[in-house]
Amino acid sequence: MPELPEIEAYRQLAEHALDRRVAAVHIGDPRFVRGDVTPQRLSAVLRGGSFQAVRRIGKLLVFDVRERDHRLGVRFGMTGRLLVDGVQGVEQLMYASNRADTAWDRFTLRFGDGGRMVVRDPRLLGGVSLDPDEGALGPDALTITLAQLRHQLAGSAAPLKARLMDQSRIAGVGNLIADETLWRAGLVPGRPAGSLSDAEVRRLHTHLRRTLGVLLRRGGSHLGDIVPQRRPGGRCPRDGTELRRSTIGGRTTWWCPRHQR
DNA sequence: ATTGTGGCCTGCCCGC
DNA sequence: TGCGGGCAGGCCACAA
């Protein structure tokens, strides 16, 4: 599903959409427009303009609209894809159909040169917004410092995994990356976030960055070592122990009862 | 303020 | 063969 590695791939693809005049905006489903803005207003802000820059904060893409003091925000939910001129940012998405069906094109920009940028999202869990609240997101998981991570965990009674997935604390970590990171760091997902020793916070910081590096290199959040074992009967790739399943932070969680403590 | 829960949304898969 | 129920989780509103 789209977590930080996928959105980073989308960001790189989206650079091909910069400096091109938006000739037309097509909203495939009005529910895909989030926040206070109407589809009409969003279209009016974008039409005739162009994007000066695009950046990623966690799982959010932000496009700067040139000379209009507005920003386009794009979220991808768990089944959203980005296409620019027919090229997909990511080929495979776990839990999402890999069919190409234009009925799922929820938001399309047609450029003056005939090209297109499309957000294709079967489930409609993503969305586009005008001037997204970037300040509501915590430090990006890829560049978070040890001190920042320590600060975000300190004093919290919430389960460690829930804290990791809280986008206002740390931006970019979703369910699969949380399981993979905690498995690599040898930490139990249900522990209170504030209960980690300083050495454990350091270990988590190391493995968070290392895990993201590995997944970016492999090309997807679903390419972690534990992901194929996230099923009944699945075993820990490290020590062969049968993995346990529970629900933490409202999400299915798999972990090794032997080496995660 | 913090933490937890339910709902949205729809493709897919399994069992009957 | 068709059908219904369950499942997947990012995000948000709302409750305690």
Side-chain angles (χ1 to χ4, degrees), chain A residues 1-8 10 27-37 56-62 73-82 89-90 92-107 119-130 132-138 140-141 151-182 189-195 215 220-222 224 226-234 245-255:
Chain A
M1 77 196 74
E3 298 187 39
L4 191 150
E6 284 80 6
I7 311 302
E8 179 58 24
Y10 295 167
I27 312 275
D29 190 315
R31 292 173 296 178
F32 206 63
V33 177
R34 312 286 180 165
D36 294 332
V37 68
R56 179 191 61 76
I57 309 171
K59 305 176 201 172
L60 174 70
L61 279 193
V62 182
V74 184
R75 293 186 180 282
F76 296 89
M78 69 177 282
T79 57
R81 297 168 186 277
L82 187 71
V90 167
Q92 296 289 323
L93 277 185
M94 200 170 178
Y95 304 126
S97 172
N98 288 310
R99 272 164 52 210
D101 190 335
T102 55
W104 299 329
D105 292 355
R106 311 302 187 180
F107 180 80
V119 182
R120 179 173 294 163
D121 181 8
R123 296 272 303 272
L124 282 166
L125 289 171
V128 292
S129 59
L130 185 63
D133 183 3
E134 301 174 40
L137 294 169
D140 189 82
H151 176 71
Q152 298 296 0
L153 300 180
S156 172
L160 177 56
K161 180 178 169 180
R163 197 74 167 182
L164 277 182
M165 293 192 300
D166 182 342
Q167 302 300 300
S168 71
R169 305 290 179 174
I170 301 160
V173 178
N175 198 37
L176 296 181
I177 290 179
D179 276 5
E180 180 77 15
T181 297
L182 293 172
R191 271 182 63 175
S195 74
L215 297 179
S221 59
H222 61 292
I226 200 181
V227 171
Q229 302 301 319
R230 296 177 84 260
R231 53 177 174 78
R245 177 200 153 118
S246 62
T247 300
I248 295 175
R251 296 294 163 250
T252 303
T253 301
W254 296 86
W255 84 99

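Values reported hereafter were calculated over all heavy atoms of this structure, with side chains retained and with hydrogens, waters and symmetry mates removed. Remember, it's a predicted structure, so these values are computed and weren't measured experimentally. Letters go in sequence order (proteins before strands), and every chain restarts at 1.
- At a non-hydrogen distance threshold of 4.0 Å, nothing from residues 170-179 of chain A comes into contact with DNA chain B.
- Using a 4.0 Å heavy-atom criterion, one finds that A:A157 contacts the sugar-phosphate atoms exclusively.
- Taking 4.0 angstrom as the limit, A:T79 places none of its side-chain polar atoms (N or O) nearer than this to OP1 or OP2 of B:dT10.
- Across B:dT3, C:dC11, B:dT10, the shortest atom-to-atom separation from the side chain of A:R106 is found for B:dT10.
- A:G77 comes within 4.0 angstrom of the backbone, heavy atoms only, and of no base.
- Residue A:R99 has a polar side-chain atom (N or O) positioned under 4.0 Å from OP1 or OP2 of B:dC12.
- Rounded to whole angstrom, the span from the CG atom of A:L93 across to the P atom of C:dG10 amounts to 12 Å.
- The main-chain N or O of A:R251 is found under 3.5 Å from a side-chain atom of A:T253 such that the two form a donor-acceptor pair.
- Using a 4.5 Å cut-off on side-chain heavy atoms (C-beta onward), A:S246 and A:W254 make no contact.
- Side chain of A:A158, nearest nucleotide from B:dG4, B:dG7, B:dC9: B:dG4.
- Minimum atom distance to the side chain of A:S97 is reached by B:dC12, of the listed B:dC12, C:dA8, B:dG4.
- Between the side chain of A:R123 and the backbone N or O of A:A96 there is no donor-acceptor pair closer than 3.5 Å.
- Taking only side-chain nitrogens and oxygens, A:R169 comes nearer than 4.0 Å to OP1 or OP2 of B:dT2.
- Within the 3.5 Å criterion, the main-chain N or O of A:L60 finds no donor-acceptor partner in the side chain of A:R56.
- Nearest approach of A:G80 to A:P2, heavy atoms of both residues: O-CG, 3.6 Å.
- Side-chain N/O atoms of A:R31 include one lying less than 4.0 angstrom from OP1 or OP2 on B:dT10.
- Checking the phosphate oxygens (OP1, OP2) of B:dG11, a side-chain nitrogen or oxygen of A:W104 falls inside 4.0 Å.
- Bending across the helix from B:dT2-C:dA16 to B:dC16-C:dG2, expressed as the angle between its end axes from five pairs apiece, amounts to 40° (10° rounding).
- At a threshold of 4.0 angstrom between heavy atoms, the contacts of A:R231 with the nucleic acid are absent.
- Whole-Å rounding puts the A:L60 CG to C:dC12 C1' distance at 15 Å.
- Among B:dT3, C:dC11, B:dT10, the nucleotide with an atom closest to any side-chain atom of A:Q167 is C:dC11.
- Of all heavy-atom pairs spanning A:D179 and A:T252, the tightest one is OD2-O, 3.9 Å.
- The 12-atom threshold is not exceeded at CG of A:D36, counting heavy atoms of other residues, nucleotides or ligands nearer than 6.0 Å.
- At least one donor-acceptor pair under 3.5 Å links the side chain of A:E6 to the backbone N or O of A:E3.
- Residue A:R34 is out of contact with every strand shown, counting any heavy-atom pair closer than 4.0 Å.
- Looking only at distances, no side-chain donor or acceptor of A:D29 sits under 3.5 Å from a matching main-chain atom of A:R106.
- Remark: A:R163 is in phosphate contact with B:dT3, judged by side-chain N or O atoms under 4.0 Å from OP1 or OP2.
- For A:T252, taking side-chain heavy atoms from C-beta onward, the closest of the listed nucleotides C:dA8, C:dG10, B:dG11 is C:dA8.
- Distance alone, capped at 3.5 Å, places no donor-acceptor pair between the A:R31 side chain and the A:L124 backbone.
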